[in-house]
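Residue numbers begin at 1 in each chain, while the letters A, B, ... track the order of the sequences.
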There are 2 protein chains.
Amino acid sequence: MKTSERILESAAALLDAGGTSAVTLRAVGQVSGVSHNAPYKHFVNRDSLLAALATQEFQKLAAAFFAFGQEKVQPLTKLKRALQAFSQYGRDYPGRYQLLFSDPDIAKHEGALSQAAMASFSAFALLVAECQKAGALPAVPTPALAGLLYASVHGLIDLEASGRMKTEKGFMSVTEGIALLLKVLAPEKNEVLQ
Amino acid sequence: MKTSERILESAAALLDAGGTSAVTLRAVGQVSGVSHNAPYKHFVNRDSLLAALATQEFQKLAAAFFAFGQEKVQPLTKLKRALQAFSQYGRDYPGRYQLLFSDPDIAKHEGALSQAAMASFSAFALLVAECQKAGALPAVPTPALAGLLYASVHGLIDLEASGRMKTEKGFMSVTEGIALLLKVLAPEKNEVLQ
DNA sequence: ACCTGAACACCGTTCAAGT
DNA sequence: ACCTGAACACCGTTCAAGT
């Protein structure tokens, strides 16, 4: 395994274990079995290392969305599975999820990272478009509908993780939120919601 | 003006100008006209200073939501104004917004901060409940519906800021997203959407 | 080509001392 | 009670040197 791959792997592990502040070049070096500035031989600096990691993760996400599109099931089932996998990713890899979707420094990057992020959203939008064609989602502009779904699920994941939706009376889970959203979005409510 | 207030004000300014990493105690001290460790006389450490700032901001947000509830207009108009103000806050004070809703270290805090965050969401949920009573929103459980709305708007703000919803074909604005969500949520679609 | 170790500037935090 | 300045450990980054 190449050193650069080991460095990315170490960074991902540290990120999920202790958040972005735990990803110090010294810790990355130690976990990877190299010195604290060996990473500079593979990435221009710490920020660039994190950007490379984010790019890789966005590519995985796009591939996962694409794979759901290939399954031989109803379009709405594909979309539900994709949404489920999306929220599961946020739960399993909170550090990486935060890096991809809520890190302002990472968000500034153009080029490969931005391209990979766009590709992820485009792959997701394809699933939405397919549902619309099948009449399972309303015939509004696809980018708007896909954006709303993407944003809502992200918001649910983010707020669930931060506990910002708790009240005295109750709170909301990501799964419930997605179910409610799909329910209100269904053109024929009684048919789609079992 | 008390030193502790000046410190919080300086921290807020630095936060919006350069993100959380720009809020160093040395910079806060300099902007406040005190030494780099005077903050320790008012807050136990840097994290606690940021938590105090977040608490203050959540209280402002809760007060703003409450104020919209007092206006003499239709319930749905109150809600729309509140959502509009919410997204405007995210645009005007990106650093503070990120601190309140997407900072994992801040999210861990219990006590006053957690209480203030819950109070903000509760105040928002009241506006949603009023819309439901007036028949302007569906009669599903209020925490679920309020949570979905809160999460969706947060997701739209967050993804718009990070540019994660762009595609080759188009992208989505917060305002459009809110409008679309309220449109699909309206029980009598034709009536509510003008 | 890839890596190491020393060095530098910066930061959070602690501590002794000042009014 | 409130503040300051020195000091310490840690971090990103640079640089000269090693294979």
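- For A:Thr3 and C:dC3, the shortest distance from a side-chain N or O to OP1 or OP2 is below 4.0 Å.
- The line from CG of B:Leu100 to CZ of B:Phe58 is 4.5 Å long, rounded to the nearest 0.5 Å.
- One can place CZ of A:Arg26 at 7 Å from C1' of D:dG12, the figure rounded to the nearest angstrom.
- Residue-level contact check: A:Arg46 touches the backbone only, with heavy atoms under 4.0 Å from sugar-phosphate atoms and none from bases.
- For A:Arg26, there are no salt bridge (charged side-chain N to carboxylate O under 4.0 Å, His left out) partners, not counting sequence neighbours.
- Checked against a 6.0 Å centroid threshold, the rings of B:Phe68 and B:Phe86 do not count as neighbours.
- Contact annotation: side chain of A:Asn37 to base of C:dT4, donor-acceptor pair absent below 3.5 Å.
- No donor-acceptor distance shorter than 3.5 angstrom exists from the side chain of A:Ser48 to the backbone of A:Phe43, with no hydrogens or angles considered.
- Note: NE2 (A:His42) to P (D:dG12) measures 17 Å, nearest angstrom.
- For the pair B:Lys2 NZ and D:dA1 P, the interatomic distance rounds to 14 Å; values are reported in whole Å.
- In this structure, A:Tyr89 has its ring center under 6.0 Å from that of A:Tyr93.
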Can I get a per-line list of side-chain donor-acceptor pairs under 3.5 Å for residues 11-19 of chain A, giving both atom names and the distance, sequence neighbours left out?
from: A:Asp16; atom 1: OD1; to: A:Gly95; atom 2: N; distance (Å): 3.1
from: A:Asp16; atom 1: OD1; to: A:Arg96; atom 2: N; distance (Å): 3.0
from: A:Asp16; atom 1: OD2; to: A:Arg96; atom 2: NE; distance (Å): 2.7
from: A:Asp16; atom 1: OD2; to: A:Arg96; atom 2: NH2; distance (Å): 2.7

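- For the pair B:Tyr40 OH and D:dC2 P, the computed distance is 18 Å after rounding to whole Å.
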Which string of ( ) [ ] | and . matches DNA chain C, if you list each base 5' to 3' and count Watson-Crick or G-U pairs only when both distances are under 3.5 Å? ||.|||||...|||||.||
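- Here D:dA6 is the nucleotide among C:dT4, C:dG5, D:dA6 with the atom lying nearest to any side-chain atom of B:His36.
- Between the CG atom of A:Leu14 and the C1' atom of D:dC11 there is a distance of 14 Å, given to the nearest Å.
- Straight-line distance from the CG atom of B:Asn45 to the C1' atom of C:dC11: 14 Å, rounded to whole Å.
- The separation between B:Asp47 atom CG and C:dC11 atom C1' is 15 Å, rounded to whole Å.
- Place A:Lys41 and A:Leu25 on DNA chain D by their nearest nucleotides, and A:Leu25 ends up nearer the 5' end.
- Atom pair B:Arg6:CZ and D:dC3:P shows a separation of 8 Å (rounding to whole Å applied).
- Here B:Glu130 contributes atom CD and B:Gln74 contributes atom CD; the two are 10.5 Å apart, rounded to the nearest 0.5 Å.
- At a threshold of 4.0 angstrom between heavy atoms, the contacts of A:Val23 are confined to the sugar-phosphate backbone, with no base atom among them.
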